[in-house]
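Note sheet for the following structure.
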Amino acid sequence: MAYERALVHIRDLAGRVRGRGFVADRDSGTVVTTHEAVDGLARLLLRTGDGDTRQVRAAAVTPLPEWDLALVEAPGIRAEPLLVGGERPPGTAVRVRLDAWTDSVLLAGGPATYTATDRLHRVPDTVALPLPPGRLAALRLNAAYSGGPVVDSVTGAVVAVLGTALHCAGRAAGLAVPLHAAAAAGGPLAGLLRRNGRAVPGFGADLTPAGLRALTAATLPPVPGGGPGDGEGNGDGTADALARFEAGTAQVLPLAAPPGAERALAVAAYAARRQDGGGPVLWLRGDVLRDGDHSLRDALARALPGVDPDVAARVARDDGRRLLVVLDVPDTPGGAPAARPQGWTAATCAWLRAADVRLVVVCSPGLRADLAASHRLDLVVRRIVRAPGCDASAGEAAERLREAARRSVGTGALGRRAFEALFPAAGGWGGAVLGEGVMRREGAGYRFVDGEFADWLHGPHLDLDATLTAAARGAVPRDRAGTVVQAVLHLARRAGTDAVRRRLRPLAEALDAPGDPGWWARHLLRAVPLGLPEAAGLLAELRWLADRIGGLALPVGAFGPVFWRGLRLPAEETFDLLRRLLPADAPGTGGERFLTTAAALLADVPGAGVAAVTRWLGDERPLRCGSGPAPGELTVATAAQALLYAHRGRAPETLAAVLAGAPWPRAGELLAELAGERVAGPAAGQPAVPRAVCGRAG
């Protein structure tokens with residue numbers, strides 16, 4: 001067994017064997033052994049399996065005679081630490097090292113007596129190890145076996161320490177001290193076991209903080225720049241929001257972030273830093289969710305095979321660092337929590353509270369509002385019912401809040417009489433709603449304090465058709481935009497995307513209109529597709545919009561690369577939209593470009609991307625150069641050549657196959673370029689055509 005190299009042999013200065021032990025903490029070199037192995041020694045020798053020998057003074061020994069245990073500090077000792085496991089039930093199969101490794105089982109041993117050199121000690125609890133009669137006789141008072149680890153036969157974790165000076169009347173078995181029972185009262189052994197769990201990975205029944213970090217680290221996405229200190233990107237306040245969340249009491253933090261956006265990268269960098277600092281972070285992609293899930297806990301169970309999510313949460317909590325889950329759902333259609341069965345959100349919030357787990361959701365702007373408001377409302381209701389003097393139930397409080405939203409949907413303000421009817425002073429309603437910061441007085445009425453929460457509550461109650469008609473005339477104040485967007489997203493969840501298309505289509509005609517009508521058209525046509533958990537139902541409208549922008553009939557304006565990148569669409573559809581938009585690129589004007597967005601997407605999905613970008617090779621529309629048209633040879637097709645050439649190493653077989661089957665001359669040009677490069681490499685001083693295209697296109 002590997003334990004031979006992990007055992008530490010203990011002798012006195014005369015070379016006489018006193019016992020065994022094992023290292024539990026690499027940093028301090030602390031060896032766990034029995035008190036009987038070191039009892040009465042002013043100095044002792046520690047020898048590892050590979051011959052490393054250390055002389056240790058008695059001052060380095062922490063005696064625990066009440067448990068027949070001792071801790072010996074030997075910094076730098078060359079022995080791998082062993083994992084200390086948790087409590088084991090009677091009947092657990094174990095192994096113990098005598099002359100050879102011997103199989104046994106754990107049985108309840110009860111209290112025992114330890115005979116030290118100076119006095120007797122009453123050991124509160126032991127475990128018994130049934131052994132063959134010959135082995136049992138050899139065990140008694142045999143110093144060579146004292147302090148040996150008793151290990152779980154399945155997991156290999158140390159569960160007890162063998163004692164040879166322990167006595168229990170009528171017990172025909174070997175006795176050992178269960179380490180977790182000995183550490184239950186605290187003290188130096190408890191501290192040692194905490195350090196052991198933080199440093200030595202344990203899994204399954206013996207899950208440790210180190211094991212949990214190892215499991216969660218495997219789920220984290222790579223951080224741009226290669227290290228946890230890179231990609232912090234706090235220009236949008238993401239790092240500050242995460243820091244406040246870490247220090248606060250909220251259970252959920254929804255963050256709106258399109259795929260690949262700076263905010264998403266900042267969350268990944270934060271997760272890496274937190275994990276590196278000892279706080280476990282489990283990163284879940286949205287597609288890990290399943291239709292039959294009761295709550296997020298079910299997805300965690302799949303992401304941590306063999307680990308109960310409640311146990312994982314407890315291990316992290318007991319270590320002083322709560323488990324953080326990041327649910328990344330910006331580009332996974334159908335995987336968003338908004339699409340889960342009714343009750344998923346409530347059940348998830350309940351589990352997060354019970355397990356004391358934190359959740360960050362990286363999602364679309366619309367889903368962010370839905371999650372934040374749902375929480376996702378739950379927090380507001382709890383604050384109201386817990387307010388001093390308030391006689392309310394959670395269900396009644398939630399219903400009154402929704403009714404307040406219905407009555408105030410027109411202007412956002414609830415009249416005084418309506419407020420007093422819904423939240424009377426009697427029963428503590430009014431004081432709770434105002435005192436807990438749910439609503440505030442404003443003029444002659446009352447408004448919800450949290451604007452996003454108010455928009456979400458108001459959305460289902462808005463007369464959407466009348467409002468959109470009025471917005472097309474510019475007759476709706478712009479400060480109602482959040483409510484209107486939430487109303488459209490509520491309609492999409494209730495009636496599907498076709499119902500949304502019928503209402504948004506007339507707005508498209510007003511995109512370039514001046515004043516409020518144009519503003520409303522642009523705002524809704526941007527915010528609604530971004531808020532949908534799946535935007536494929538609006539592809540016809542999105543293609544129309546991309547064609548108008550790419551044809552220079554509409555300015556890019558609010559529909560820049562960030563918008564198109566944030567849509568939850570299949571990659572091939574996103575590439576097609578970027579192709580339509582490419583002639584509107586304006587190199588040299590600063591900001592992100594459609595071409596660089598396409599390059600980033602191609603790097604993320606090279607297989608699907610190569611086939612999609614190859615279809616650009618038949619598009620000879622000219623590109624722009626600076627503020628004017630580019631020279632005639634710079635077209636969408638030559639940009640495609642540049643992209644495919646730059647990423648030629650990512651999916652070379654796919655690239656060669658699609659180019660060989662493509663009917664356009666540009667495909668043949670690029671295929672010949674790649675074939676020549678494969679034979680002779682690029683000619684010195686003769687840059688390839690695709691790289692020249694990249695340079696001239698800015």
Side-chain angles (χ1 to χ4, degrees), residues 3-85 96-97 114-119 121 123 126 141-151 157-166 175-183 185-200:
Y3 292 99
E4 293 296 329
R5 297 190 299 273
L7 290 178
V8 176
H9 300 272
I10 302 171
R11 299 174 182 266
D12 61 19
L13 293 185
R16 291 184 293 265
V17 175
R18 294 294 301 258
R20 298 168 175 155
F22 68 94
V23 174
D25 177 27
R26 189 200 312 271
D27 291 341
S28 64
T30 301
V31 175
V32 180
T33 186
T34 54
H35 184 268
E36 61 203 63
V38 300
D39 188 19
L41 295 180
R43 296 174 182 265
L44 55 151
L45 293 176
L46 304 180
R47 184 180 180 86
T48 66
D50 64 0
D52 181 30
T53 302
R54 299 295 171 96
Q55 185 178 134
V56 176
R57 294 176 177 271
V61 176
T62 300
L64 302 171
E66 67 277 12
W67 283 98
D68 187 19
L69 292 174
L71 310 180
V72 184
E73 290 191 16
I77 192 169
R78 293 198 301 271
E80 286 298 309
L82 297 183
L83 172 67
V84 178
V96 61
R97 184 70 165 88
Y114 161 52
T115 305
T117 55
D118 59 343
R119 52 167 288 198
H121 295 273
V123 177
T126 62
L141 294 177
N142 190 327
Y145 304 148
S146 179
V150 179
V151 302
V158 179
V159 296
V161 171
L162 186 65
T164 60
L166 292 170
L175 295 177
V177 178
L179 289 174
H180 264 273
L189 181 60
L192 175 65
L193 297 196
R194 282 194 296 272
R195 297 195 302 275
N196 178 266
R198 289 170 181 165
V200 184

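Position 1 is the first residue of the sequence; numbering continues from there.
- Contact between Leu41 and Ala37 at its shortest, heavy atoms only, is CD1-O, 3.9 Å.
- Atoms CG and OG1, from Asp39 and Thr115 in turn, are 10.5 Å apart once rounded to the nearest 0.5 Å.
- Between Val200 and Leu82, every side-chain heavy-atom pair lies at or beyond the 4.5 Å cut-off.
- Crowding of Arg47 atom CZ: a count of heavy atoms from other residues, nucleotides or ligands under 6.0 Å not exceeding 12.
- Judged as a salt bridge (Lys or Arg N to Asp or Glu O under 4.0 Å), the pairs with a partner in residues 12-24 (not counting sequence neighbours) are, in order, Asp12-Arg16.
- Contact check for Val161 versus Val150: no side-chain heavy atoms found under the 4.5 Å cut-off.
- For Val32 against Ala24, the heavy-atom pair with the smallest separation is CG2-CB, 3.9 Å.
- Thr164 has its side chain out of reach of Thr34: every pair of non-hydrogen atoms, C-beta onward, lies at least 4.5 Å apart.
- The CG atom of Leu162 sits 11.5 Å away from atom OG1 of Thr126, with the distance rounded to the nearest 0.5 Å.
- Here the CG atom belonging to Asp27 is positioned 8.5 Å from the CZ atom belonging to Arg195, to the nearest 0.5 angstrom.
- Annotation: the span from Leu175 atom CG to Tyr114 atom OH amounts to 14.0 Å, rounded to 0.5 Å.
- Here the side chains of Leu45 and Leu13 are in contact, with some heavy-atom distance below 4.5 Å.
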With side chain to side chain contact (heavy atoms under 4.5 Å, CB included) as the criterion, how do Asn196 and Asp25 come out once you've worked through the C-alpha distance, each side chain's angles and the decisive distance to 0.1 Å? CA-CA 6 Å; Asn196 178 266; Asp25 177 27; over 6 Å; no
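- Taking CG of Leu192 as the reference point, atom CZ of Arg194 lies at 10.0 Å (rounded to 0.5 Å).
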Listing, residues 55-79 side-chain donor-acceptor contacts under 3.5 Å, not counting sequence neighbours, or none:
from	atom 1	to	atom 2	distance (Å)
Gln55	OE1	Arg43	NH1	2.9
Asp68	OD1	His35	N	3.3
Asp68	OD1	Glu36	N	3.3

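- Taking CD1 of Ile10 as the start and CG of Leu46 as the end, the distance is 6.0 Å to the nearest 0.5 Å.
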